[in-house]
Amino acid sequence: MSIVSFRDVSKTFGSHPVLRNVSLDIEEGQVVAIIGPSGAGKSTLLRCVNQLERHSTGEILIDGTPIGGNQRKRDLIRLRQTVGMVFQSFNLWPHLSALGNVMEGPVTVLKTPVAIARQQAEALLKQVGLADHAAKYPGQLSGGQQQRVAIARALAMKPRVMLFDEATSALDPEMVQEVLRVMESLAADGMTMLVVTHEMGFARKVADRVVLMANGQVVEEDAPETFFTNPKEERSRAFLSRVLSS
Amino acid sequence: MSIVSFRDVSKTFGSHPVLRNVSLDIEEGQVVAIIGPSGAGKSTLLRCVNQLERHSTGEILIDGTPIGGNQRKRDLIRLRQTVGMVFQSFNLWPHLSALGNVMEGPVTVLKTPVAIARQQAEALLKQVGLADHAAKYPGQLSGGQQQRVAIARALAMKPRVMLFDEATSALDPEMVQEVLRVMESLAADGMTMLVVTHEMGFARKVADRVVLMANGQVVEEDAPETFFTNPKEERSRAFLSRVLSS
Amino acid sequence: MIDWNFMVTYSPRLLKACEVTFGISVTSLAFSTVAGLGIALLRLSSRRILSSAAWIYVWIVRGTPLLLQLFAIYYAMPMTGLRLDPWTAGILTLSLNSSAYFSEIFRSAIQSIPTGQTEAAIAIGMGPLQTLRRIVIPLSLRPALPPYVGQAITLLKNSSLVSIIAVPDLMQTAQSIYSTTFKVVEVMLMTGILYLIMTSLLQIAQTSLERRLSYYTVK
Amino acid sequence: MIDWNFMVTYSPRLLKACEVTFGISVTSLAFSTVAGLGIALLRLSSRRILSSAAWIYVWIVRGTPLLLQLFAIYYAMPMTGLRLDPWTAGILTLSLNSSAYFSEIFRSAIQSIPTGQTEAAIAIGMGPLQTLRRIVIPLSLRPALPPYVGQAITLLKNSSLVSIIAVPDLMQTAQSIYSTTFKVVEVMLMTGILYLIMTSLLQIAQTSLERRLSYYTVK
Amino acid sequence: ATPTADDIRRQGYMRIATTGLDAPYNYVDPDGQVMGFDIDWSRMICASLGVEARFSCLAWHGILPGLMAGQFDGVMSAVRITPERQANFAFSAPYTTDSVAVLVRQDNTTIKEIEDLKGLVVGTASGSILEATANEMAHAATLRSYPGLPDILMDLMSGRLDGAVVGRAGALYAIHTHNLPLKVVGRAIRPQPIAMILPKGATDLASAVSKAIADRQADGQARALADRWFKA
Ligand SMILES: Nc1ncnc2c1ncn2[C@@H]1O[C@H](COP(=O)(O)OP(=O)(O)OP(=O)(O)O)[C@@H](O)[C@H]1O
Ligand SMILES: Nc1ncnc2c1ncn2[C@@H]1O[C@H](COP(=O)(O)OP(=O)(O)OP(=O)(O)O)[C@@H](O)[C@H]1O
Ligand SMILES: [Mg+2]
Ligand SMILES: [Mg+2]
């Protein structure tokens, strides 16, 4: 059974349709790269998975359970905890240290004892290469370091799926590498990942599947090799030629 | 005579040296690309040109006139007007429309009559391809559109030099193209430009000279062809190999 | 129960008192807004002496009762040769007093503006005053507005203290009427409505301005 | 000039009155801070009825004089069968009154928090109350602090109105002393110093908290 | 439920409100004890009723609403009997009288009677008999109403006022006690009886209080009290 399924999902803002009948299945352990032009609805798709944005019609299932709709608030919150999200703009909490940011979820939400949460958080910071920066505040970290803390923060909740929304596009090229390396090693460890990205190199190398969105619809869905060398759709070819030229 | 000259410029934040004895001359009509790793001091160098940051020692000359130091406030402000700056984060003023952002400098600073300033602003917005978006507020524009408004805003002051600090690094790939195209056409029109960038393609294609900074110093200064194919310094080679791999 | 005739009889006198309250308040509001902005800027100055002086001003003015300030200005100033009439003394005191509160509201709002906004103004060649007028003030309007209106309302209410130096304002007049006629309910009702009308001007202006300044929340 | 003996004689009485002022103020401050936060959240609610109700509450409470509210609670409530003693009525009135002003200060501060901050909390699985307690409140502390302390000081000064229903506070006691002794200078000096001491606790706390919350300005 | 004399006796004390701002009638001494002519009278009256007197000090603007709302049993605060008040409250028999007086600076020689205030700047206390008297008789160019006597005295001494229309006993007491450079001039204007004011309809209690007052006037204690407080 797939761990995230979209079944005929649509979403409108006012009268403006942003997602149109999207159906998509993500299997456990898969890395799916979502690419497409600006305004295609990629962020909205991701934000519907953990219901930061409510979808208008259709169904989104997480591990078989539908999320959103008239669901009880408590169930929604529980389901959300199985999904980790990393934002383009990091959104670290400035009043907490790197360690504090990572511990926050386990301690507040999961009621993990502080001592244990601290150990786990330290291990996670080590995993993303920031063992030495645990005590620093977000304001004292570079962009790449902040984004890695944000990844550790999401991982601390032991999510079954991770969502990345352009996790590297606010970063300098050198920092992009740091973050992509962490994401690659997550993928290698078998984490299910839904990655909105403009890093075609990363999509090609790491993703199991590439999804091209345009205009609120899934235009093409393919293995990366096929997609990058021999796209089926005209729209895909147009997109690739524009992006790869830069 | 060169239009911007750094003569032995140093800058420290507290006890932390950020620029060390930088000497550099930019000739009229030249496009100089400044590249280098994060923390090298590229932004600080640019910000010293219009004294958003004061340098500690050395001299910076704009068209032969030294800027900063114990200069009278009024002279400093006058000199600043000859330098236009475009920021990584756009920094458009959210309470003014695109047109309002572009008109603000001429009307407030240069005391241009509103009717004339409006005509000029409309012409500039047309030049950056935004004739249809003049009435929109920054919050209603995409990143690429915002950055082009920011360029128009700087151009409206008829500067002799334009400074770009990673003007494209907060943008999606498709939007990057829009902005780079505007910058290229500026260069083609003979504008003097100092461009901090991570777009190696752009540096190679448009710049007359490439300057690599590291650790607060100028490591290498070269024509782009030489720099990218046959860098003199070890440090340059290391930087290029890391950046071009992504 | 409620004596409507009474209310009709006394409303002209209360309305007249409203003019006093409104006049003093609006004048003081104008002065103290300007002064408050000035003090906020001093407080934000990088010069240590200026910001400390502003801190001390705010500390003492917020820290002591309005009545004391009024007495100091009205009764103690004549010793220095400057004799103020009650109106001037009242407006001066209220303005000084409120300016300290406003300055803290403005300072907080100005500090919430991203530095990039002012850097863009400086980079384009604006001087400090131009930056203030064209960028800093418009951008701090939205976050300053709700506490500003609260403080302006407090000023309006505080203006009744000025009656202690013989300027009969709305509240003083109301007290004077009910302590001779004993129609506490009627007087309080009328007075409450009159205050509500005066403050509604401010509160409705606040709500509609907030709506118009919503560009600020579009991020 | 200044009669020091007099000041020594009367200081115990003034100090005692300080206790009243301080007690009423601190209690009301605690209640109205909590209530103000609640009202701010209602005002920010996406449910139209809740936010309108909060708007109306703020409109009326800020719009009418404290004296009227005090009379309504102290003299009119007994008609509904609930008779409050002066202390309770005073604290209740001051708390209700200040809560409206605080709510606007809090609302403004909460609205200045970037949405990404709360989205990150929601995404990690926090409920609304956890998000409030762990993220929204800590982050709105810095911008709310200067106007909050201003309003807290206003509350402390306003507490003197409670003397109208027989709880003699510091200001009432001061007036009582100078009306029999005519030592205006001495009484006002002492009273001013006592108020300054009480408010300094708040103002010094503000300055040091602001310094500690400076992570917020590191962007 | 207006209290009767029996209710008060059963209660064991009488709740009496006063401003404490009106020496020599009522004021508060350095220890916080309320003192004065009204206070001594209250104690005598309550002693006659066989109850204890319990005092509350509060601003005048809070006193009458409090009495109407049943927060007190009576008010002893130099309250003058007026028709408006009689329509809304019960009064005991008067225990003294006071009149309106004109107050000027000591060096003033031109103002001798209230009529001489015509066209001048005059102060008075707001919301009282004094304000009405000043309005009707002084014909001032500017009439300023102050909340209390101290504010009037200060502004008179500061020179902002030419004269003031005030209560005679309070003014004399203040000048005498504090040696102020002021003087009371002219005739005693509109002498007015002063009495305890009680909740509307409390006629039974009022007559019990009136009887106590009459007894003390008969046995000479009233005289002694007046000598003590008004010998100036
Ligand atoms: N809160 C909103 N209200 C109205 N329209 C919105 C809102 N959020 C997004 N949209 C619109 O929905 C469309 C899809 O937006 P979305 O952010 O999902 O695109 P995207 O594919 O992530 O683009 P990008 O690459 O620029 O991030 C856009 O046209 C956008 O203007
Ligand atoms: N206001 C400041 N106070 C203290 N140190 C600063 C300040 N601004 C910059 N620095 C330090 O100066 C050094 C150079 O910064 P600068 O921003 O100029 O680098 P950069 O080359 O532009 O890097 P990037 O590519 O990351 O933008 C860095 O080590 C930075 O930490
Ligand atoms: Mg997006
Ligand atoms: Mg930089």
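Below, read A as the first sequence line, B as the second, and so on, with proteins coming before strands; counting in each chain starts at 1.
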Peer 1: Would you say that more than 12 heavy atoms from the other residues, nucleotides or ligands in this model lie under 6.0 Å from the NZ of B:Lys73, or not?
Peer 2: no
Peer 1: Considering only heavy atoms, which portion of B:Arg153 lies under 4.5 Å from any heavy atom of chain C: side chain, backbone, both, or neither?
Peer 2: both
Peer 1: Does some side-chain heavy atom of B:Pro94 sit less than 4.5 Å from a side-chain heavy atom of C:Leu213?
Peer 2: no
Peer 1: For C:Ile124, is there any backbone N or O sitting under 3.5 Å from a side-chain donor or acceptor partner on B:Gln81?
Peer 2: no
Peer 1: Examine distances only and state if a side-chain atom of B:Asn50 and a backbone atom of C:Ala123 form a donor-acceptor pair shorter than 3.5 Å.
Peer 2: no
Peer 1: So which atom in C:Pro138 and which in B:His95 form the shortest heavy-atom distance, rounded to 0.1 Å?
Peer 2: CB-CD2, 3.4 Å
Peer 1: Name the member of B:Met157, B:Arg78, B:Gln51 that forms the most heavy-atom pairs with chain C at distances under 4.5 Å.
Peer 2: B:Met157
Peer 1: Can I get a per-line list of side-chain donor-acceptor pairs under 3.5 Å for residues 29-40 of chain B, giving both atom names and the distance, sequence neighbours left out?
Peer 2:
from, atom 1, to, atom 2, distance (Å)
B:Gln30, OE1, B:Glu27, N, 3.4
B:Gln30, OE1, B:Arg209, NH2, 3.0

Peer 1: Which atoms of B:Thr108 are under 4.5 Å from chain C, going by heavy atoms: the side chain, the backbone, both sets, or neither?
Peer 2: both
Peer 1: Take atom CH2 in C:Trp59; do more than 12 heavy atoms of anything else shown fall under 6.0 Å from it?
Peer 2: no
Peer 1: Please flag which part of B:Val109 lies under 4.5 Å from any non-hydrogen atom of chain C: side chain, backbone, both or neither.
Peer 2: both
Peer 1: Is the CZ atom of B:Arg7 crowded by more than 12 outside heavy atoms at less than 6.0 Å?
Peer 2: no
Peer 1: Given side chain to side chain contact (heavy atoms under 4.5 Å, CB included), test B:Met85 with C:Glu119 step by step and report yes or no.
Peer 2: CA-CA 10 Å; B:Met85 182 155 188; C:Glu119 284 191 349; over 6 Å; no
Peer 1: Of all the heavy-atom pairs spanning C:Gly127 and B:Ile77, show the shortest one and how long it is.
Peer 2: CA-CD1, 3.5 Å
Peer 1: Give a yes or no on this: more than 12 heavy atoms of other residues, nucleotides or ligands lie within 6.0 Å of atom CZ of C:Phe31.
Peer 2: no
Peer 1: For B:Leu110, which atoms come within 4.5 Å of any heavy atom of chain C: side chain, backbone, both, or neither?
Peer 2: neither
